[in-house]
Q: 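My questions all concern the structure below.
Naming convention: chains lettered A, B, ... in sequence-line order (proteins, then strands); numbering from 1 in each chain.
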Amino acid sequence: MAKSVSQDAISTILANPSPDSSSYIPEIVVQVLDLKLTGNRYTFNASDGKMKLRAIFPSNMSSEIITGSVQNKGLVRILDYTLNDIPNKSEKYLIVTKCEVVSPALETEIKAEVETEEHDTVLKKPKLEYEARYEAKADVSGIILKPKQEIVSKSAAQIVHEQRTNMAPSSRMAMTRRVHPLVSLNPYQGNWMIKVRLTSKGNMRTYKNARGEGCVFNVELTDEDGTQIQATMFNEAARKFYEKFQLGKVYYISRGTLKVANKQFKTVQNDYEMTLNENSVVEEASNEETFIPETKFNFVPIDQLGPYVNGRELVDIIGVVQSVNPVSNIKRRIDNENIPKRDLIVADETKKTVVVSLWNELANNVGQELFDNADKSPIVAIKSLKVGDFQGVSLSTLGKSSVMINPDIPEAKKLRSWYDSEGKGSSMASIGLGLSPSSKTGARSMYTDRVSLMHITSNPSLGDEKVLLCRLKYAMIVVF
DNA sequence: CCCCCCCC
């Protein structure tokens with residue numbers, strides 16, 4: 001058999017994102033390029049000479065890679081796979097679930113067109129650190145050039161070894177020590193390291209109770225499998241890690257402790273929660289490829305907020321900012337403490353508006369930015385909002401809420417183009433004050449009273465007196 | 001060890 005790639009292999013994969021036994025898929029042989037160890041997985045570029053696709057090998061392939069049968073610039077036949085979306089990103093990546101080795105390393109990267117001119121350019125590209133070192137040693141005189149072939153025919157295991165030994169000690173540590181999946185952690189096993197994305201960050205707050213006082217903040221961590229865990233830091237640890245932890249970034253974490261999570265306060269699906277103390281190790285995994293999902297939003301359209309009123313479940317919303325109030329200070333009843341608050345009105349494609357109250361630092365920081373740019377109708381995406389019943393439906397931030405202005409996500413682009421083309425010219429009604437026939441669930445609050453009104457007014461068995469009473473109540477709410 | 005999330 002000819003040792004080459006299948007024609008249009010990448011197009012075939014893209015056209016069949018999740019093949020099953022009934023799909024007919026022609027043979028897919030690709031060249032493995034840029035094979036490297038990322039965390040605990042091997043990743044590579046699958047190439048058919050024309051197109052490339054980021055890909056990941058299954059963990060059970062690792063031994064074959066280490067023994068050298070799968071090589072960089074070698075050929076593999078992909079027997080089964082799924083094509084996965086990276087949320088909020090346009091590119092796809094290929095998860096190889098079954099494959100076999102066709103050929104060890106070829107001399108060159110396969111290109112569909114013969115590119116003699118370009119070949120020189122390729123050689124002049126900035127070299128990877130290991131390549132530069134390799135050549136520098138061989139080429140002491142500056143005359144004898146090391147054949148490129150010797151570099152390309154190195155097995156993945158060699159490359160990985162060289163990558164490790166040439167790296168900064170901290171990253172080498174991260175590569176060498178096994179990354180544990182979050183599901184494998186428990187309170188009884190201490191020596192682990194995880195690689196996680198920070199998918200939620202609470203604000204720092206102080207507390208005072210019978211057991212003492214201090215400061216605390218919580219984060220939510222997500223790993224490559226999508227498993228989540230909440231981690232808590234107190235006092236010294238809270239101060240040490242508060243700035244270091246940034247929403248959306250990826251970290252290696254070790255030396256934390258696990259305990260059984262309190263069901264009552266659980267915000268993620270995990271039997272355990274993590275505590276990090278001042279001796280825990282948190283290291284950012286910067287400039288590294290990773291397949292950990294990005295922070296995921298579950299946007300609820302404004303006209304669908306009804307069922308969430310006064311519920312425990314939090315919502316994410318995305319909308320166009322219609323207006324922003326100045327900050328006001330609210331005196332908390334229980335202890336007379338002043339808390340900054342700023343209200344804004346947002347609208348979305350359902351042509352409904354809702355009032356969102358930003359509290360504490362969100363009112364001051366991101367709130368001020370919104371205030372200053374209110375005339376530009378920015379898009380806001382807000383994660384983890386509580387849905388209250390003030391004026392029917394109201395939204396409020398919590399400590400763990402986050403506000404993103406003009407986020408680079410498809411939903412924001414869609415909303416922007418809708419608003420610019422037709423939204424800004426159309427009339428919008430407040431979800432709180434308007435009747436919303438689509439939302440009939442929920443059992444209390446003024447909002448539900450008005451839903452009941454609709455049922456009653458459309459029920460012929462009721463007397464005029466009751467209908468009038470309900471109409472009166474509705475009228476009063478509107479007047480308010 | 002927190003677990004509150006405020007006001008009209």
Side-chain angles (χ1 to χ4, degrees), chain A residues 187 200-221 229-242 245 256-280 308-316 323 325-345 354-367 382-403 430 432-433 445-447 476-477 479-480:
Chain A
S200 172
K201 180 183 173 182
N203 58 356
M204 179 85 88
R205 59 202 169 81
T206 54
Y207 65 92
K208 194 189 269 189
N209 59 28
R211 287 179 188 149
E213 59 181 288
C215 64
V216 62
F217 87 102
N218 297 300
V219 295
E220 284 171 19
L221 309 170
I229 195 165
Q230 188 185 69
T232 306
M233 285 144 278
F234 294 95
N235 304 318
E236 191 77 3
R239 283 184 286 272
K240 181 173 176 183
F241 295 124
Y242 190 75
F245 272 133
T257 53
L258 276 285
K259 64 170 190 174
V260 175
N262 187 335
K263 275 198 183 74
Q264 204 186 332
F265 306 117
K266 243 171 29 176
T267 53
V268 297
Q269 192 51 50
N270 199 313
D271 291 339
Y272 303 114
E273 61 185 52
M274 184 182 292
T275 306
L276 300 178
N277 63 31
E278 59 274 24
N279 298 317
S280 298
Y308 295 90
V309 170
N310 290 332
R312 222 176 95 79
E313 201 179 338
L314 304 177
V315 302
D316 306 334
S323 63
N325 280 359
V327 187
S328 57
N329 270 303
I330 301 300
K331 206 179 276 286
R332 192 200 270 152
R333 275 213 200 98
I334 195 162
D335 59 2
N336 282 337
E337 199 184 328
N338 273 325
I339 302 163
K341 186 195 82 151
R342 188 196 296 267
D343 283 350
L344 42 123
I345 296 175
V354 68
V355 177
V356 182
S357 299
L358 308 180
W359 294 90
N360 297 305
E361 62 266 49
L362 290 176
N364 287 321
N365 304 341
V366 77
I382 311 179
K383 187 157 181 59
S384 304
L385 284 164
K386 195 176 78 119
V387 187
D389 65 3
F390 183 66
Q391 287 182 338
V393 182
S394 58
L395 298 173
S396 226
T397 62
L398 302 175
K400 63 173 291 190
S401 305
S402 52
V403 179
S430 161
L433 295 172
S445 87
M446 296 197 294
Y447 178 85
M476 283 171 70
I477 292 162
V479 169
F480 254 82

Q: Looking across every strand, which nucleic acid part, if any, lies under 4.0 Å from A/R333 by heavy atom: base, sugar-phosphate, or nothing?
A: sugar-phosphate

Q: Go through the N and O atoms of the side chain of A/K331 and the base of B/dC7, and report whether any donor-acceptor pair is under 3.5 Å.
A: no

Q: A/E273 near the nucleic acid: base, sugar-phosphate alone, or nothing, with a heavy-atom cut-off under 4.0 Å?
A: base

Q: Tell me: CG of A/D343 to C1' of B/dC8, nearest whole Å?
A: 9 Å

Q: Could you tell me which residues satisfy salt bridge (Lys or Arg N to Asp or Glu O under 4.0 Å) with A/K201, sequence neighbours excluded, listed by chain and number?
A: none

Q: A/G212 near the nucleic acid: base, sugar-phosphate alone, or nothing, with a heavy-atom cut-off under 4.0 Å?
A: nothing

Q: What do the steps show when you test A/E273 against A/K266 for salt bridge (Lys or Arg N to Asp or Glu O under 4.0 Å), and what is the final call?
A: CA-CA 9 Å; A/E273 61 185 52; A/K266 243 171 29 176; over 6 Å; no

Q: Within the stacking criterion (centroid distance below 5.5 Å, interplanar angle below 30°), does A/F234 stack on B/dC2?
A: no

Q: Using a heavy-atom cut-off of under 4.0 Å over every strand shown, decide if A/N329 touches base, sugar-phosphate, or nothing.
A: nothing

Q: Is a donor-acceptor contact shorter than 3.5 angstrom present between the side chain of A/E337 and the base of B/dC4?
A: no

Q: Specify the residues of residues 358-366 of chain A, ordered by number, for which at least one heavy atom lies under 4.0 angstrom from an atom of DNA chain B.
A: A/W359, A/N360

Q: Looking at every non-hydrogen atom in both residues, tell me the closest pair between A/F217 and A/G202 and how far apart they are.
A: CD1-O, 3.8 Å

Q: Just how far, in rounded Å, is P of B/dC6 from CG of A/L385?
A: 12 Å

